[in-house]
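Sequence lines set the chain letters: A, B, ... in the order given, protein chains first and strands last, and positions in each chain run from 1. Computed over heavy atoms, backbone and side chain alike; hydrogens, waters and symmetry mates excluded.
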Number of protein chains: 2
Amino acid sequence: MLQRNAPSSIVKRLPVYLRILDNLIKKDVEIISSRTLSNQTGFTAEQIRKDLAYFGAFGTRGTGYNTVYLREKLLKIIGLDKETNVIVLGSGHLGNAFGRYNIIKNPYIRVVGMFDVDLEVIGKRVEDLHIEHFDKMSEVIKEHNVKVAVLTVPAEQAQYVVDELVKCGITAILNFAPTKLNVPKNVHVHNTDLTIELQSLIYYSSSEEEGIN
Amino acid sequence: MLQRNAPSSIVKRLPVYLRILDNLIKKDVEIISSRTLSNQTGFTAEQIRKDLAYFGAFGTRGTGYNTVYLREKLLKIIGLDKETNVIVLGSGHLGNAFGRYNIIKNPYIRVVGMFDVDLEVIGKRVEDLHIEHFDKMSEVIKEHNVKVAVLTVPAEQAQYVVDELVKCGITAILNFAPTKLNVPKNVHVHNTDLTIELQSLIYYSSSEEEGIN
DNA sequence: CTGTGTGAAGGAGTTCACAGCG
DNA sequence: CGCTGTGAACTCCTTCACACAG
């Protein structure tokens with residue numbers, strides 16, 4: 001049942017459900033229907049039911065989903081039922097933002113290291129962390145059994161850093177560097193390229209304008 | 001030919017091609033084949049050809065694509081042939097990172113305003129900008145004919161800010177706030193939620209581990 | 001009688017295979 | 001002969017329609 005090969009189209013929606021459940025539980029809502037979830041997510045109710053049903057029958061017919069129960073199931077499915085340690089590579093503006101970002105204050109996810117090569121920033125404090133030299137990376141990865149890394153180094157250094165990460169046993173990388181990373185098949189990379197996001201958005205921003213080239 | 005309703009699956013790849021072309025042109029490469037582009041992007045060669053052919057026949061059979069010519073076509077298709085002005089809402093860590101990010105040093109895109117409500121940060125300098133109060137937003141949007149906004153405010157304020165943006169004529173929003181935005185159909189929203197990215201990545205990070213619940 | 005769970009239909013996007021042009 | 005351009009096949013995902021359980 002709890003495979004790790006669910007369609008990515010489903011996987012990327014699971015955290016959305018999780019967040020909404022967190023909010024609902026905070027407001028002491030005990031039951032939620034797929035229709036209400038639909039309103040809050042923008043996904044269709046059928047799709048939400050299919051997504052959840054993919055992992056098992058978590059709802060009650062005629063009633064809906066128990067928020068607390070569903071949340072626990074989702075945590076387990078995603079792998080957030082136990083704390084996940086993460087490291088951040090690169091302490092530029094983006095890495096820094098990431099190290100301080102709310103994400104991190106998420107109870108499930110903990111940043112256990114930030115690394116850079118710039119001697120000027122090494123030793124500086126970001127929240128309760130000190131920026132360390134890349135050299136220390138493998139040590140920290142072993143110590144905290146880290147499997148997930150956030151990559152915010154310049155494009156030119158990205159592949160080198162990734163090769164090191166892979167050697168250290170990292171299996172999932174959130175890549176902000178504007179370049180294609182080559183990794184073994186067992187390593188997952190999510191690319192989040194701000195330039196690309198913005199540029200593809202610009203395509204849509206000029207809808208009303210001229211038609212022909 | 002130059003519609004604004006190309007499949008989003010294609011649109012999101014266009015900026016990737018553009019970046020590679022920029023790099024190639026910098027190295028004085030004049031011709032590129034879909035196969036080589038495939039190696040550099042990870043997309044299949046067929047897909048690349050389909051993508052480009054969607055907008056017209058830009059290549060030369062038996063040879064490949066002229067880098068400079070293709071780049072110009074892509075710029076026009078995306079809408080980057082003329083400078084695009086952008087504003088950033090929220091000057092927290094992420095907004096700040098964005099305001100300073102390379103993106104911005106992209107010749108096509110210019111950040112013409114950063115806004116916040118926190119009196120402590122208003123007036124501060126980010127690169128060559130001063131953070132201004134939200135009140136000034138509509139003025140700046142009109143002055144620079146801004147259509148694109150980057151939203152990095154807290155989730156609770158996001159919808160309010162978006163409603164204002166829409167009133168001012170913004171048609172495309174890059175949303176980093178972890179919440180669903182309600183907008184008219186003619187406004188495009190791209191959601192980039194760092195928590196969600198990271199959480200869905202964690203799903204894949206634990207692939208080797210236990211199987212059943 | 002409400003809302004979930006799900007087979008079946010439909011649609012979108014990708015891959016295949018090859019025709020067409022330089 | 002090489003590489004683009006493209007119909008056709010295929011795969012994946014979403015939507016529809018409804019059976020089914022509380």
Discussion item. Check this for me: does any side-chain nitrogen of one of A:Arg49 and A:Glu46 sit under 4.0 Å from a carboxylate oxygen of the other?
Written reply: no
Item to complete: Measure the acute angle between the ring planes of B:Tyr203 and A:Phe55, then classify it against the limits of 30° and 60° as parallel, tilted or perpendicular.
Response: perpendicular
Item to complete: Specify the separation, in whole Å, of atom CG of B:Leu52 and atom P of D:dT6.
Response: 12 Å
Discussion item. For a 4.0 angstrom threshold against heavy atoms of chain A, report the outermost contacting nucleotides of DNA chain C in 5' to 3' order.
Written reply: C:dT2 to C:dA8
Worksheet item: Would you say D:dC13 has OP1 or OP2 under 4.0 Å from some side-chain N or O of A:Ser9?
Response: yes
Dump the pairs, protein N or O against N or O of nucleotides 18-21 of chain D, anything under 3.5 Å, distances to one decimal.
unit_1, atom_1, unit_2, atom_2, d
D:dC20, O2, A:Arg61, NH1, 2.9

Practice prompt. Assign each of A:Ile10 and A:Thr63 to its nearest nucleotide of DNA chain D by heavy atoms, then name whichever residue's nucleotide is nearer the 5' end.
Written response: A:Ile10
Item to complete: Please collect all salt bridge (Lys or Arg N to Asp or Glu O under 4.0 Å) contacts where either partner lies in residues 20-36 of chain A, sequence neighbours excluded, each pair once.
Response: A:Asp22-A:Arg71
Worksheet item: When the ring planes of A:His188 and B:Tyr204 are compared, do they come out parallel, tilted or perpendicular, using 30° and 60° as the limits?
Response: parallel
Discussion item. Less than 4.5 Å apart, side chain to side chain, heavy atoms only: is that true for A:Asp51 and A:Tyr17?
Written reply: yes
Item to complete: Report yes or no: does A:Asn85 contribute a side-chain atom to a donor-acceptor pair with the main-chain N or O of A:Val112 at less than 3.5 Å?
Response: no
Fill in: Length of the line joining A:Gln47:CD and D:dC12:C1', which is rounded to integer Å
13 Å
Fill in: Distance in angstrom units between B:Asn66 CG and D:dT4 P, rounded
13 Å
Item to complete: Mind calculating the distance between CD (B:Glu46) and C1' (D:dG7) to the nearest angstrom?
Response: 14 Å
Worksheet item: Could you go step by step and tell me if B:Gln159 and B:Asp163 meet the side chain to side chain donor-acceptor pair (under 3.5 Å) rule?
Response: CA-CA 6 Å; B:Gln159 186 61 54; B:Asp163 291 342; 2.9 Å; yes
Discussion item. Expressed as a whole number of angstroms, how long is the span from B:Phe55:CZ to D:dG5:P?
Written reply: 13 Å
Worksheet item: Quick one: A:Arg35 CZ to D:dC16 P, roughly how many Å, whole number?
Response: 12 Å
Response to the item:
Comparing nearest nucleotides in DNA chain D, the 5'-proximal residue of the pair A:Thr60, A:Pro7 is A:Pro7
Worksheet item: If you round to the nearest 0.5 Å, how far is CD1 of B:Ile32 from CD1 of B:Ile25?
Response: 10.5 Å
Worksheet item: Would the number of heavy atoms belonging to other residues, nucleotides or ligands and lying under 6.0 Å from CD of A:Glu139 be above 12?
Response: no
